[in-house]
Amino acid sequence: MRTHLCGALRSGDIGAAVTVCGWVAKRREHGEHLAFIDLRDHTGIVQCVIPGTVDVRSEYVIAVHGVVRARPDGTVNPDLPTGEVEIGDCTVTLLNSAEPPPFAVDDRVEVDEVIRLRHRYVDLRRPRMQANLRIRAKVNHALRTAMDRQGFVEVETPLLWAPTPEGAREFTVPSRLHPGSCYVLPQSPQLAKQLLMVAGVDRYYQIARCLRDEDLRADRQFEFSQLDVEASFVSQEDVFEFVSEAVLDAAEAVTGDRPGAVPRMIWAEAIDRYGTDKPDIRFGMELIDLSTVFEGTAVKAFGAPCVKAIVLEGGATLTRSKLDGLTDRAKGLGAKGLAWFRVTEPEAADGAGATGSGLALDSPLDRFLSDPERSGLLAATGAGAGDLILVVADEYRTACTVLGQLRVDVGGRPVGEGPYCYLWVVDFPMFDGVDEAGHPIAAHHPFTMPHPDDLDRLESEPAAVRSQAYDLVLNGWELGSGSVRIHRADIQSRVFAVLGVGEEEAMSRFGFLLGAFRFGAPPHAGFAVGIDRLTAIFAGEGSIREVIAFPKTQSGSDPMTGAPKPLATGLLGELGLQLIPPRD
RNA sequence: GGACCUGUGGUGCAGUUUGGAGUGCACGCCGGCCUGUCAAGCCGGAGGUCGCGGGUUCAAAUCCCGUCAGGUCCGCCA
């Protein structure tokens, strides 16, 4: 039907008789003797010249036949990749007419997202969305190729799985053949891939769809895709190698540049320096410890186990209302408050306290500080005139995480801004917090192998036990996580015991897995990479919805299909279900 | 479960603080003109439940209460 793609025509094609197909992006008529049509397909736009009139409207689907020629002097369009040429003496074949689109198929207008989603097929015609879909395809292809090259076998695992109550809420699928019983959709193929290791697959991967019935966010949808990986007879080091290879390949496939080797940071250091387990190491603004500066301070607000700060260069210009907003944010994140200090030249700040360093502090708290505290604060932070110091005093963990979040809020780089800084975060704690019964809660999942050096402290000092769990981080986004798994029944029993999971409960929840492990489970380890997030970062998009063809809104609905919808009562009966009217 | 922000012709906005006739801008749409435009230009025209409901008021897009939808975030996401 066509001989060329619209966006591919160049001066090298001059003289060629071509037929191109696509949608009318723009029509410009100049009377009865001349008209222009900008024709768009997924590759771009080319100008077609019609020697007469033409009866087409925006988004009509047409085929255009003509001869490629150089544009006349002075009419070259440098904004268009095809701008040096045009298709001349065109004849137009109408393939389909179209109603005016609900919004312009144009990257230059920001259209309300609900309207975009309601007419997603129109939205996806926009060059930006076409590019995003194709970036995603490139990422998938690069990941598949890398895993295949490294000897991994792609195996598909079931979507209809058994309920294994764990962390995330699962989507439930009622069974017609077994009324009253249900399948669930897997929150990840975690158990299936471990079974494949027992099955001797040795190296498994899959681009797996995962489903979690949890609240949505810019970086979270009900359904998302993972590069899911598991390998036998491997260490954590081997996993890093496999996965690094794949994600570096993906970066190279999309950007043309291959980032350097992926550095590592131990979890405790990430918390201490960046206040998060997913540090964005594209920029500094690291957390500064002020605990010694304010040891024994008379300032009530700083009487806490930990006092930490970040410095925003040039931040002294932030308005009072902006600072109040940051204080609210800090409180919302769990801090008792937020102290701020504008660093100024002494004459600039009326009544500001002297520091002996040629600088002054402008802050409601300044008058409560002693001189040594003022100079200590400036010396420790290294702040200069015009900078802003933000201080949180609290329990260690709270002070770190609150400042870690403020660091990103106030100093964060745009999502697409290079370079691509991958980071392995290692030595996660085995447990994080305790449940109502006082049992530690697994930080990763209960099949995670404890760190060998900490194994003897599992029962005596669980909070101090590190695990062989690790995360991959890219520019402040958690891309995925994995671990070395427990393959020995004795260690698994000890972990379950610490978690407060009894023998009986373990068998009822994971019996099929534990059963399988009795038949020769190899040591194994694995990982999963979030493909939606990886693609969003490469595409420079702050929301994964922009790299998903048909995403849901934050409340989990689809403006195009109307899902979710009430089920016909007949169908309910067939499934042995009955609706309970909502309370109130 | 909670906090904040948004909702005005098809699209994007202004108008809301300080109540006074659906007033305005840009794009799009419809008709006409136009032989080198390219986000074409010129002339004319159509198009509105100011998200929805209630309240205050002589009078509500504007103030108050509620509600719905969307977004960002907290909780949640082993």
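Keep in mind the model is a prediction, meaning the values are calculated, not measured. The sequence lines fix the lettering, A, B, ..., with proteins before strands; numbering per chain opens at 1.
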- Message: Is there a side-chain contact between A:K26 and the phosphate of B:A40, meaning an N or O under 4.0 Å from OP1 or OP2?
- Response: yes

- Task: Just call it for A:A443: base, sugar-phosphate, or nothing, with non-hydrogen atoms closer than 4.0 Å on any strand.
- Result: sugar-phosphate

- Note on the structure: Of all heavy-atom pairs linking A:I271 and A:L287, the shortest is O-CD2, 4.1 Å

- Got a donor-acceptor pair under 3.5 Å from the side chain of A:R71 to the base of B:C38? yes

- Item | Side-chain donor/acceptor contact of A:R220 with base of B:C77 under 3.5 Å | yes

- Ignoring hydrogens and angles, answer whether the base of B:G7 and the side-chain atoms of A:D112 contain a donor-acceptor pair closer than 3.5 Å. no

- Select base, sugar-phosphate, or nothing to describe what A:Q47 touches, counting heavy atoms under 4.0 Å on all strands. base

- Message: Categorize A:R57 for me: base, sugar-phosphate, or nothing, with a 4.0 angstrom heavy-atom threshold over every strand shown.
- Response: sugar-phosphate

- Message: Taking only side-chain N and O atoms of A:R108, does any of them lie within less than 4.0 angstrom of OP1 or OP2 on B:C27?
- Response: no

- Does B:C38 have OP1 or OP2 sitting under 4.0 Å from an N or O in the side chain of A:T75? no

- Would you mind classifying the nucleic acid contact of A:D432 as base, sugar-phosphate or nothing, using non-hydrogen atoms under 4.0 angstrom? nothing

- B:G41 base / A:E29 side chain donor-acceptor hit below 3.5 Å: no

- Task: Give one of base, sugar-phosphate or nothing for A:T553, where a contact means two heavy atoms less than 4.0 Å apart.
- Result: sugar-phosphate

- Query: Does A:E32 get its side chain close enough to the base of B:U35, under 3.5 Å, for a donor-acceptor pair?
  - Reply: no

- Salt-bridge contact A:D107-A:R128 (side-chain N to carboxylate O under 4.0 Å): no

- Does OP1 or OP2 of B:A69 have a side-chain N or O of A:S557 closer than 4.0 Å? no

- Looking across every strand, which nucleic acid part, if any, lies under 4.0 Å from A:E86 by heavy atom: base, sugar-phosphate, or nothing? base

- Message: Does A:R69 reach a base, just sugar-phosphate, or nothing at all? Heavy atoms under 4.0 Å.
- Response: base

- Query: Considering only B:G70, B:C76, B:G36, which nucleotide approaches the side chain of A:D215 most closely?
  - Reply: B:C76

- Query: Under the 5.5 Å and 30° test, is A:H30 stacked on the base of B:G36?
  - Reply: no

- For A:T448, which contact category applies under a 4.0 Å heavy-atom criterion: base, sugar-phosphate, or nothing? nothing

- Task: Describe the nucleic acid contact of A:I115 in one word from base, sugar-phosphate, nothing, applying a heavy-atom distance below 4.0 Å.
- Result: sugar-phosphate

- Query: Which part of the nucleic acid, if any, lies within contact of A:P51, taking any heavy atom under 4.0 Å across all strands shown: a base, the sugar-phosphate backbone alone, or nothing?
  - Reply: nothing

- Counting just side-chain N and O atoms, does A:R545 come under 4.0 Å of either OP1 or OP2 of B:G70? no

- Rounded distance (Å) that lies between atom P of B:A3 and atom NZ of A:K331: 16 Å

- Message: Is the ring pair A:F510/A:F496 parallel, tilted or perpendicular, if the boundaries are 30 and 60 degrees?
- Response: parallel

- Message: Categorize A:R217 for me: base, sugar-phosphate, or nothing, with a 4.0 angstrom heavy-atom threshold over every strand shown.
- Response: base

- Query: Contact class for A:Q190 vs. all strands (heavy atom < 4.0 Å): base, sugar-phosphate, or nothing?
  - Reply: base

- Task: Check the angle between the aromatic planes of A:H524 and A:F517 and answer parallel, tilted or perpendicular using the 30° and 60° thresholds.
- Result: perpendicular

- Message: Using a 4.0 Å heavy-atom cut-off, does A:P72 contact any base of the nucleic acid, only the sugar-phosphate backbone, or nothing at all?
- Response: base

- Message: Under 4.0 Å, heavy atoms only, any strand: does A:A104 hit a base, just the sugar-phosphate, or nothing?
- Response: nothing

- Is A:R28 near enough to B:A40 that one of its side-chain N or O atoms lies under 4.0 angstrom from OP1 or OP2? yes

- Is a salt bridge present between A:R116 and A:E546, judged by a nitrogen-to-oxygen distance below 4.0 Å? yes

- Under a 4.0 Å N-O cut-off, is there an ion pair linking A:E99 with A:R57? no

- Any sub-3.5 Å donor-acceptor pair from A:R169's side-chain atoms to A:D213's backbone N or O? yes

- Would you say a side-chain N or O of A:Q554 is under 4.0 Å from OP1 or OP2 of B:U72? yes

